[in-house]
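All ligand and atom numbering here is 1-based and tracks the order in the structure.
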Amino acid sequence: MPFAHDAPKAGTYLPVLEEIAAEISAMPGRGRSADYIPALACVDPDRFGMAVADLDGGVCGVGEWRTPFSTQSITKVFALALVLAHESGALWEHVGREPSGNPFNSLVQLEYENGVPRNPFINAGALVVTDRLQTLTGDASADLLDFLRAESGNAEIGFDLEVAASEAAHGDRNAALAHFIASYGHIRQPVPPLLDHYFRQCSIEMNCADLALAGGFLARHGVRADGSRLLSRSEAKQVNAVMMTCGTYDAAGEFAYRVGLPGKSGVGGGIVAVVPGRCTVCVWSPGLDERGNSVAGVAALDRFTTLTGLSVF
Ligand code: GLN
């Protein structure tokens with residue numbers, strides 16, 4: 001891994017993180033916490049944390065970088081990687097890899113595109129991914145949790161069963177998406193247990209350090225924390241590319257314009273961004289814009305790539 005020796009250590013990034021936290025101190029609190037379930041609506045939008053993990057597992061951070069939060073759609077990246085590790089390209093028969101230009105929970109494209117979701121990071125596509133992971137492992141959410149614990153080195157990571165139950169109680173739209181896709185044969189598992197796995201997946205609680213470390217394999221071109229290979233170099237490139245074009249829903253163009261990194265957001269207010277060959281960054285602030293991305297999180301990543309020059313562009 002020659003790149004591991006060229007890249008700076010995590011502590012090198014601390015001054016820049018401190019500068020960003022000071023610069024954007026007025027931003028946390030802007031936007032609104034996700035309000036589609038009570039368990040997320042009660043999170044204070046004023047919170048902020050940010051962490052950087054280097055390629056060797058070092059991590060540093062500012063603010064509430066050790067405070068767990070609801071990872072939500074960020075888990076879609078890890079589920080995708082696990083499926084690709086098992087079956088490589090076969091997944092792409094059932095899900096596309098183009099930006100949707102629509103909200104993350106939209107149904108509108110599915111019918112005229114024959115039940116094939118546009119990409120694995122909108123809810124429709126993530127349900128297909130979780131279906132594949134369930135078929136391949138027999139326990140999709142547990143497999144994902146094991147992976148996240150291993151990569152972050154944090155065995156305490158777990159599901160928030162209150163959030164999962166709340167997602168299920170308000171899950172009509174995700175149920176509609178899953179049943180509709182199943183009618184075209186792109187979901188094969190029975191829908192009710194599949195939804196349970198998807199809701200548990202979304203409910204996983206992690207902090208900025210955990211997520212920055214867990215995303216490290218994408219900065220290491222597919223190599224896991226223990227040095228074993230999860231994805232080929234080419235597959236890691238592909239996941240990063242889909243994050244770049246689809247990872248922030250219908251704001252992916254704006255995210256590329258402002259941040260210029262592969263990134264994946266979740267409605268818990270977290271965003272993970274990857275600097276291939278260098279580091280992984282995670283930021284958390286629960287106040288969301290109208291597209292479901294953290295207002296302060298995007299601003300912080302914008303400053304990060306501007307101050308460090310570490311955009312891929
Ligand atoms: N649990 C959310 C949902 O399925 C996740 C969405 C998100 O983070 N964008 O609607």
Please check if the side chain of Gln109 supplies one atom and the backbone of Ser100 the other of a donor-acceptor pair under 3.5 Å. yes
Going by the order shown, which atoms of ligand 1 are within less than 4.0 Å of some heavy atom of Cys202? 1 (N)
Aromatic contact, Phe147 with Phe217 (centres under 6.0 Å): yes
So the atoms of ligand 1 within less than 4.0 Å of a heavy atom of Gly266 turn out to be 8 (O)
Numbered atoms and elements of ligand 1 in range of Phe104, under 4.0 angstrom, heavy atoms: 6 (C), 9 (N), 10 (O)
Is the shortest side-chain N to carboxylate O distance from Arg188 to Asp131 below 4.0 Å? no
protein heavy-atom neighbour closest to atom 10 (O) of ligand 1 works out as Asn123 ND2, 3.0 Å
Sub-3.5 Å donor-acceptor pair from the side chain of Asn119 to the main-chain atoms of Ile122, do we have one? yes
My understanding is that only one of Asn123, Thr130, Thr75 makes a side-chain hydrogen bond (donor to acceptor under 3.5 Å, both in side chains) with Tyr198; could you say which? Asn123
Is it the case that the side chains of Thr137 and Asp139 hold a donor-acceptor pair, with the cut-off being a distance below 3.5 Å and no angle test? no
Residue-level breakdown please: for Glu167 versus ligand 1, do any non-hydrogen atoms fall below 4.0 Å on the side chain, on the backbone, on both, or on neither? side chain
Of all protein heavy atoms, the one nearest atom 6 (C) of ligand 1 is Ser73 OG, 3.1 Å
Only heavy atoms of Val267, strictly under 4.0 Å: list the atoms of ligand 1 that pass. 6 (C), 7 (C), 8 (O), 9 (N)
Which atoms of ligand 1 are found less than 4.0 Å from any heavy atom of Tyr36? 1 (N), 2 (C)
Heavy-atom pairs closer than 4.0 Å: do any link ligand 1 to the side chain of Asn174, the backbone, both, or neither? side chain
Which pairs of donor and acceptor atoms, one on a side chain in residues 283-292, lie under 3.5 Å apart (sequence neighbours left out)?
| unit_1 | atom_1 | unit_2 | atom_2 | d |
| --- | --- | --- | --- | --- |
| Trp284 | NE1 | Gly268 | O | 3.1 |
| Ser285 | OG | Arg47 | O | 2.6 |
| Asp289 | OD1 | Arg291 | N | 2.9 |
| Asp289 | OD1 | Gly292 | N | 3.1 |
| Asp289 | OD1 | Asn293 | N | 3.0 |

Do Asn102 and Asp250 pair up side chain to side chain, a donor and an acceptor below 3.5 Å, judged on atom types alone? no
Please could you name the atoms of ligand 1 that Gln72 approaches to less than 4.0 Å, counting only its heavy atoms? 1 (N), 2 (C), 5 (C), 8 (O)
If you have a sec, work out which protein heavy atom is nearest atom 4 (O) of ligand 1 and how many Å separate them, to one decimal? Tyr198 OH, 2.7 Å
Residue and atom name of the nearest protein heavy atom (relative to atom 9 (N) of ligand 1), distance in Å to one decimal: Tyr249 OH, 2.6 Å
